[in-house]
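Note sheet for the following structure.
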Amino acid sequence: MVEYIGIEDMQRIVGRVGPAAFMKGLAAEIEADYRRWSEFDKSARHAIHSPGGVIELMPTSDGRMYSFKYVNGHPGNTARGLLTVTAFGVLADVETGYPLLLSELTVTTALRTAAMSALAAKWLARPDSRVMALIGNGAQSEFQAIAFHHMLGIRRFRLHDVDRQATDKLMRNLQALGLPGLQLTACSSAAEAVHGADIVTTLTADKRNAVVLTPSMIAPGMHINAVGGDSPGKTELHADILRRSDVRVVVEYEPQSRVEGEIQQMPASFAVTEFAEVLTDAAPGRTSPAEVTIFDSVGFALEDYSALRYLRKLQLDNAQSRRQIDLIPQLDNPKNLFALLTGAQTGPVRQNDCMPAPPETVPG
Ligand code: NAD
């Protein structure tokens with residue numbers, strides 16, 4: 001049997017722990033896994049593009065466990081009443097190849113992306129950061145606000161979305177949580193939202209080279225958490241922001257980010273730092289209070305591996321509500337897979353079941 005985490009299980013797990021504590025716990029798992037970066041088998045994700053979006057497969061392994069995520073990104077979906085991003089994934093045992101867990105990853109992706117954003121900001125943003133602009137107030141946005149509130153002590157959020165109803169929804173959802181000290185300001189443009197912000201998170205969905213942030217909006221010392229630009233031809237930052245001499249760009253896995261991140265707009269010689277290098281002191285994070293840091297987030301398979309392992313731990317800790325599914329056959333005789341279809345029992349072979357063939361009669 002394979003452990004199963006569906007949407008109801010996810011509601012129960014996060015309900016028990018609380019979303020803020022869940023994301024903090026997950027960020028610790030992600031950080032621990034990034035610290036052993038060299039142990040992971042890494043590859044850029046496999047993407048199939050269509051006019052409306054992209055479907056991606058994201059595998060990785062540390063030699064003991066293997067994971068993959070199926071994820072899509074279809075910015076036009078919300079107009080049809082569907083999510084822009086959905087996902088599910090598997091955690092498997094490398095020794096036997098057997099899947100251990102099949103899990104929903106739509107909610108989990110929002111939690112892990114926000115956990116990763118806050119983790120990166122912990123290392124890159126100015127420690128005295130107090131105000132965050134959140135541009136793009138769709139499905140991912142509450143998760144980002146909660147993670148930055150809980151993990152970085154951000155209290156003031158300046159919100160903007162081209163769809164005012166999305167901002168209203170975000171404000172309602174956050175206000176209902178009663179987070180201490182929370183101050184929310186709805187802004188009528190991205191420029192207004194960014195004004196006075198220490199951290200700017202861009203979370204928009206648009207399958208084009210959008211220009212959500214322009215160079216004139218960027219102030220010295222800002223940290224930009226660029227999340228929505230995550231596939232070829234889908235970016236959020238004006239390329240001149242990347243060209244600034246005071247900018248340091250940090251990515252997850254460089255070969256993937258070169259194709260999918262904001263840096264797809266830059267030549268191959270453009271210098272970037274991988275997040276694992278910052279964590280292990282192989283490269284500096286922020287080098288001065290005035291530096292502009294950019295976390296060019298596209299989402300990497302390791303973060304989903306961490307999330308699946310974290311979920312499995314939480315699931316196993318709570319034995320009563322565990323669910324399993326019969327995804328893989330359980331057999332008395334693993335060579336008798338066919339018996340699953342016929343219901344035939346394994347047992348001794350009857351002698352007349354294997355009589356030698358009669359000798360051929362040779363015509364006289
Ligand atoms: P969503 O469709 O629910 O929300 C996107 C919001 O952006 C919408 O409310 C839309 O009105 C708004 N928007 C679009 N263009 C805008 C603009 N120019 N200015 C302001 N607002 C604008 O999508 P979501 O699930 O919240 O995902 C947001 C983005 O994050 C997507 O592009 C998705 O692919 C990306 N994403 C990245 C990661 C990662 O790891 N980097 C993970 C998950 C999602």
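Atoms within a ligand are numbered from 1 in the order they appear, just like the ligands themselves. All residue numbers refer to positions in the sequence shown, counting from 1.
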May I ask you to list the atoms of ligand 1 that are less than 4.0 angstrom from any heavy atom of G228?
-> 29 (C), 30 (O), 32 (O), 35 (C)

T109 N/O to ligand 1 N/O under 3.5 Å = no

Residues L213 and V194: closest non-hydrogen pair is CD2-CG2, 3.7 Å

For Q324, does the CD atom have more than 12 heavy-atom neighbours from other residues, nucleotides or ligands under 6.0 Å away?
-> yes

Would W37 and F300 count as a ring-ring contact (aromatic ring centres under 6.0 Å, His included) if you check the C-alpha gap in whole Å, the side-chain angles of each, and the deciding distance to 0.1 Å?
-> CA-CA 12 Å; W37 185 237; F300 186 56; 5.6 Å; yes

Note: T78, heavy atoms under 4.0 Å from ligand 1, region reported as side chain

Is ligand 1 under 4.0 Å from a heavy atom in the side chain of A166, in the backbone, in both, or in neither?
-> side chain

What part of R112, side chain, backbone, both or neither, has a heavy atom within less than 4.0 angstrom of ligand 1?
-> side chain

Number the atoms of ligand 1 from 1 as they appear, then name those within less than 4.0 Å of a heavy atom of V162, with their elements.
-> 11 (O), 13 (N), 16 (C), 17 (C), 19 (N), 20 (C), 21 (N), 22 (C)

Within a distance under 4.0 Å of any heavy atom of D163, pick out the atoms of ligand 1 and give their elements.
-> 11 (O)

Where does D161 meet ligand 1, judged by heavy-atom distances below 4.0 Å: at the side chain, the backbone, both, or neither?
-> both

T113 contact mode with ligand 1 (heavy-atom cut-off under 4.0 Å) | side chain

Ring centre gap for F40 and Y305 strictly below 6.0 Å = yes

Go through the side-chain N and O atoms of N209 and E236 and say whether any donor and acceptor fall under 3.5 Å apart.
-> no

What atoms in ligand 1 come closer than 4.0 Å to a heavy atom of G299?
-> 39 (C), 40 (O), 41 (N)

How does T204 reach ligand 1, if at all, at less than 4.0 Å between non-hydrogen atoms: by side chain, backbone, both, or neither?
-> both

Residues E8 and R12 bridged, charged N to O under 4.0 Å = no

Describe, in one word, how the ring planes of F275 and F295 are oriented to each other, choosing from parallel (under 30°), tilted (30 to 60°) and perpendicular (over 60°).
-> tilted

Indicate yes or no: does R36 engage D33 in a salt bridge with an N to O separation below 4.0 Å.
-> yes

For ligand 1, indicate whether the residue K234 contacts it via side chain, backbone, both or neither (heavy-atom separation under 4.0 Å).
-> side chain

A student comparing Q140, K169, E142, Q165 should find that the heavy atom closest to atom 24 (P) of ligand 1 comes from Q140

Please report the closest heavy-atom contact between L203 and Q140, naming both atoms and the distance.
-> CD2-CB, 3.7 Å

Ligand 1 contacted by A139 (non-hydrogen, < 4.0 Å) | yes

Side-chain contact, heavy-atom cut-off 4.5 Å: L242 with M266?
-> yes

Would you say ligand 1 has an N or O under 3.5 Å from any N or O of H160?
-> no

Atoms in ligand 1 with a heavy atom of V298 nearer than 4.0 Å | 39 (C), 40 (O), 41 (N)

Contact between E236 and ligand 1, counting heavy atoms under 4.0 Å?
-> no

Judging by distance only, is a nitrogen or oxygen of V227 under 3.5 angstrom from one on ligand 1?
-> yes

